[in-house]
*Asks:* 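One structure is given below, represented as structure tokens, and several questions about it will come after.
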Amino acid sequence: MSHPIDELTQQKLNKLAALRSAGIEPFPYGYHRSHTAVEAVNTAQNNKDALLTQEFRVNVAGRIMAKRGMGKTVFMDLRDGSGKIQLFFRINNFSEAKFNTVKDIDIGDILGAQGKLFLTRSGEPTVEVSDFTLLAKSLQPLPEKWHGLVDVEKRYRQRYLDLISNPDVKKIFETRSKTISAIRDFLNKRDFLEVETPVLQPEAGGATARPFITHHNTLDRDFFLRIALELHLKRLIIGGFDKVYEIGRIFRNEGISVKHNPEFTMLESYETYADYQDVMKTVEDLVSSVCQQVHGSMKVEYNGQTIDFTPPWRRLEMRQAVMQYAGLDYEQFPDTASLKAEMTARKMQFDPMRERGKLIDEIVSTYVDPQLIQPTFLYDYPIEMSPLAKKKPGSDHIVERFEAYCGGMEIANAFTELNDPIDQRQRFMKQMEDREKGDDEAQKMDEDFVLAMEHGMPPTGGLGIGIDRLVMLLTNQTSIREVILFPAQREKID
RNA sequence: GGGCCGUUAGCUCAGUUGGCAGAGCAUCUGACUUUUAAUCAGGCGGUCCUGGGUUCGAGUCCCAGACGGCUCACCA
């Protein structure tokens, strides 16, 4: 796509030509920095007295963010990945020809500068530049210096401009990166093995969601982009790894909202000989220690509330939660018909096509989820919504499953994994029945997975954590797009 | 998909009852050798999201559409 060359770009192209004809290459190949901006600032501040008697020379490089001409001197703000430092150019330090090229350096250009550190009258650490090198000429103007880039659409479509002009945004993504590192550290220290499993799959299983479909040309068949990591990680448990995890991209062909992006990042971990009670401890330990590592505290501000991740978290049986927040005991309505009748009597809204499990899910998301601001484990789920979880001992309709809620959002989902291949096959059969009844989100039979399980799968505790939502909590963002660098957008045709 | 809101200079935003398209920053010219949202003087810069309609006249009113935000629904 070509862009019209507007006046501002033309002016910069003219400067670029002027630099070239003065023998300056506007896009050279490298530059040796001696200090980052922050290192240079710290050097100046830690040697205030010595600066007067001794030369501290530095080479810094970065983007010019501001330029203030003052007659025969020029000040610039230079920013690199670490922060900002001020540059000071005075005519005395240059030939007239060289000083004239300073006017061809624009805001937005990438510049290398060499010189000695000093403090200005107001105490600002500054490099008195003795030589400078243009490292890349910018041909487009930067957003407004004071308000930054505000237009949300432009912020997402041209995220680099957002990152350049909005330091808070940059911080969010630094926090995201630190969060993921901290998760890896936590799991690696506990002897979990990080693995990678296929994104392209012949069947998309392990969750209830519509998949994306793609096509392999050589094999001439369709593949699905994975909607979960689960079934392959369990195959690895069967294969003999005691503890595995994967942090990977998941794709779900569903609606886009403030809490949903079509591609998002999921952590799944599986630990042999653990049950869901063990996994609860793992989750509260993991999230609280990640928060501690990222923020230096186990508390965060989220959406006007203080959330405290300090273990232990509240544990709330799902049946009790529904009784407490919706005033309904679903155990008294053991089939779809009786539950529907009761919900109708209570004037609750629901989708009449739904089966009992989905109806309970609807009640939970309407009445319970929004109430769970402080970290809470909701546990013991109806079997209908959990075809991969193991039944509670002595129960034929409750499974050992929990979800962790925080700030009204689901952040984790875990269960004692079903490892009985006969039961697993029956659960898949039940899902297939639901699918034939019109539930196109019901899971498909995965014979290859059942075959794996028939070889013997140890008792295992499994866990999934939505990384994007966890990062939202840790960065006080209420939209998932603010924690995904390039969120899904429609194609812009202009 | 429904509802509400938004789209005006490169950026941030004004724009009154329908009557000549505005400001700040950026940019350009000039002044200024410790400024820092530098300051001062002057200049350039517009498909008012797109397409229709009403009107003597539309940035402004009406209809349709595009894109975005919020929200409800869907969806873990």
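All chains are named by letter (A, B, ...) in the order of the sequence lines, taking the proteins before the strands, and each is independently numbered beginning at 1.
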*Asks:* Taking the C1' atom of each, how far is C70(B) from G51(B), in whole Å?
*Replies:* 27 Å
*Asks:* Do E246(A) and T197(A) have side-chain N/O donor and acceptor atoms under 3.5 Å apart?
*Replies:* yes
*Asks:* Mark yes or no for a side-chain to base donor-acceptor pair under 3.5 Å between D151(A) and U7(B), with no hydrogen or angle criteria applied.
*Replies:* no
*Asks:* C74(B) P sits how many Å from K358(A) NZ, rounded?
*Replies:* 10 Å
*Asks:* Output, in order, the C-alpha distance, side-chain angles, deciding distance and verdict of salt bridge (charged side-chain N to carboxylate O under 4.0 Å, His left out) for E400(A) and K391(A).
*Replies:* CA-CA 6 Å; E400(A) 292 198 342; K391(A) 286 172 196 160; over 6 Å; no
*Asks:* Let me know which of V74(A), D77(A), I105(A), L111(A) forms a side chain to side chain contact (heavy atoms under 4.5 Å, CB included) with L87(A).
*Replies:* L111(A)
*Asks:* Distance check: side-chain N/O of Q489(A) vs OP1/OP2 of G69(B), anything under 4.0 Å?
*Replies:* yes
*Asks:* Side chain of R68(A) only, please: which of G69(B), U34(B), U35(B) is the nearest?
*Replies:* U35(B)
*Asks:* Would you mind pulling out the nucleotide paired to U39(B), Watson-Crick or G-U wobble, both distances under 3.5 Å?
*Replies:* A31(B)
*Asks:* Looking at R90(A), I'd like to know whether one of its side-chain N or O atoms comes within less than 4.0 Å of OP1 or OP2 on U34(B).
*Replies:* no
*Asks:* Using a cut-off of less than 4.0 Å, is there contact between a side-chain N or O of K154(A) and OP1 or OP2 of C11(B)?
*Replies:* yes
*Asks:* Using the P atom as the reference point in each nucleotide, state the distance between G18(B) and G59(B) in Å, no decimals.
*Replies:* 13 Å
*Asks:* Rounded to the nearest Å, what distance is computed from the CD1 atom of residue I480(A) to the C1' atom of nucleotide C70(B)?
*Replies:* 16 Å
*Asks:* Which nucleotide, A26(B), C11(B), C67(B), lies nearest any side-chain atom of E153(A)?
*Replies:* C67(B)
*Asks:* Can you tell which of C70(B), U35(B), C11(B) lies closest to the side chain of L149(A)?
*Replies:* C11(B)
*Asks:* For F224(A) and E203(A), which heavy atoms make the closest approach, and how far apart are they?
*Replies:* CD1-CA, 3.9 Å
*Asks:* At under 4.0 Å, does any side-chain N or O of K145(A) touch on OP1 or OP2 of C11(B)?
*Replies:* no
*Asks:* Rounded to whole angstroms, how far apart are CG on D162(A) and P on U12(B)?
*Replies:* 11 Å
*Asks:* Expressed as a whole number of Å, how far does the P atom of U60(B) sit from that of A64(B)?
*Replies:* 16 Å
*Asks:* Tell me which nucleotide, if any, is Watson-Crick or G-U wobble paired with G6(B) when both distances must be under 3.5 Å.
*Replies:* C67(B)
*Asks:* Please report the distance, rounded to the nearest Å, between CD in Q86(A) and P in A37(B).
*Replies:* 10 Å
*Asks:* Mind checking who G22(B) pairs with, Watson-Crick or G-U wobble, both distances under 3.5 Å?
*Replies:* C13(B)
*Asks:* Kindly say if R157(A) contacts the phosphate of G68(B), meaning a side-chain N or O under 4.0 Å from OP1 or OP2.
*Replies:* yes
*Asks:* Between atom CG in D109(A) and atom P in A26(B), what is the gap in whole Å?
*Replies:* 15 Å
*Asks:* Rounding to an integer number of angstrom, what distance separates G30(B) and C11(B) when you compare their P atoms?
*Replies:* 27 Å
*Asks:* Would you say G69(B) has OP1 or OP2 under 4.0 Å from some side-chain N or O of R481(A)?
*Replies:* yes
*Asks:* Between atom NZ in K116(A) and atom C1' in U34(B), what is the gap in whole Å?
*Replies:* 14 Å
*Asks:* Between U17(B) and C13(B), how far apart are the two P atoms, rounded to whole Å?
*Replies:* 23 Å
*Asks:* So which atom in L119(A) and which in A44(A) form the shortest heavy-atom distance, rounded to 0.1 Å?
*Replies:* CD2-CB, 4.3 Å
*Asks:* Take the angle between the ring planes of Y379(A) and Y276(A) and call it parallel below 30°, perpendicular above 60°, tilted in between.
*Replies:* perpendicular
*Asks:* Heavy atoms from C-beta onward define the side chain here; which of A26(B), U71(B), U35(B) lies closest to that of V258(A)?
*Replies:* U71(B)
*Asks:* Output the rounded distance in Å from CD1 (I256(A)) to C1' (G1(B)).
*Replies:* 13 Å
*Asks:* Roughly how far apart, to the nearest Å, are A41(B) and A26(B) at atom P?
*Replies:* 15 Å
*Asks:* Nearest to the side chain of K15(A) - U33(B), C28(B), C70(B)?
*Replies:* C28(B)
*Asks:* For the base of U34(B), is there a side-chain donor-acceptor partner from T73(A) under 3.5 Å away?
*Replies:* no
*Asks:* Which nucleotide in the set C13(B), U33(B), U34(B) lies at the smallest distance from any side-chain heavy atom of V150(A)?
*Replies:* C13(B)
*Asks:* Taking atom types as they are modelled, would you say the side chain of H260(A) forms a donor-acceptor pair with the base of C75(B) within the 3.5 Å cutoff?
*Replies:* yes
*Asks:* Whether D106(A) and K15(A) form a salt bridge (side-chain N of Lys/Arg under 4.0 Å from carboxylate O of Asp/Glu) is what I want to check.
*Replies:* yes
*Asks:* Nearest to the side chain of R490(A) - U33(B), C67(B), A26(B)?
*Replies:* C67(B)
*Asks:* Taking the minimum atom-to-atom distance to the side chain of L8(A), which one of U34(B), G69(B), A26(B) wins?
*Replies:* A26(B)
*Asks:* Toward the 5' end of RNA chain B, which comes first, R252(A) or G148(A), by nearest nucleotide?
*Replies:* G148(A)
*Asks:* Any side-chain to backbone donor/acceptor pair from Q10(A) onto E7(A)? Under 3.5 Å, distance only.
*Replies:* no
*Asks:* Treating Q424(A) as the side-chain partner and P387(A) as the backbone partner, does any N or O pair qualify as donor plus acceptor under 3.5 Å?
*Replies:* yes
*Asks:* With both distances under 3.5 angstrom, what nucleotide forms a Watson-Crick or G-U wobble pair with G57(B)?
*Replies:* none
*Asks:* If you measure from the P atom in G65(B) to the same atom in C4(B), how many Å do you get, rounded?
*Replies:* 13 Å
*Asks:* Could you check which of U35(B), C75(B), U33(B) has an atom nearest any side-chain atom of K72(A)?
*Replies:* U33(B)
*Asks:* Checking base pairs now: Watson-Crick or wobble, both atom distances under 3.5 Å. What partners G45(B)?
*Replies:* none
*Asks:* Taking the nucleotide of RNA chain B with the nearest heavy atom to each, does T126(A) or P143(A) sit closer to the 5' end?
*Replies:* P143(A)
*Asks:* Could you tell me how far apart I64(A) (CD1) and A26(B) (C1') are, to the nearest whole angstrom?
*Replies:* 16 Å
*Asks:* Under 4.0 Å between a side-chain N/O of S479(A) and OP1 or OP2 of C70(B), yes or no?
*Replies:* yes
*Asks:* Is there a side-chain contact between R121(A) and the phosphate of U35(B), meaning an N or O under 4.0 Å from OP1 or OP2?
*Replies:* yes
*Asks:* Quick one: is C74(B) close enough that its OP1 or OP2 comes under 4.0 Å of any side-chain N or O from K259(A)?
*Replies:* no
*Asks:* Using the C1' atoms only, state how far A23(B) lies from C44(B), rounded to an integer number of Å.
*Replies:* 16 Å
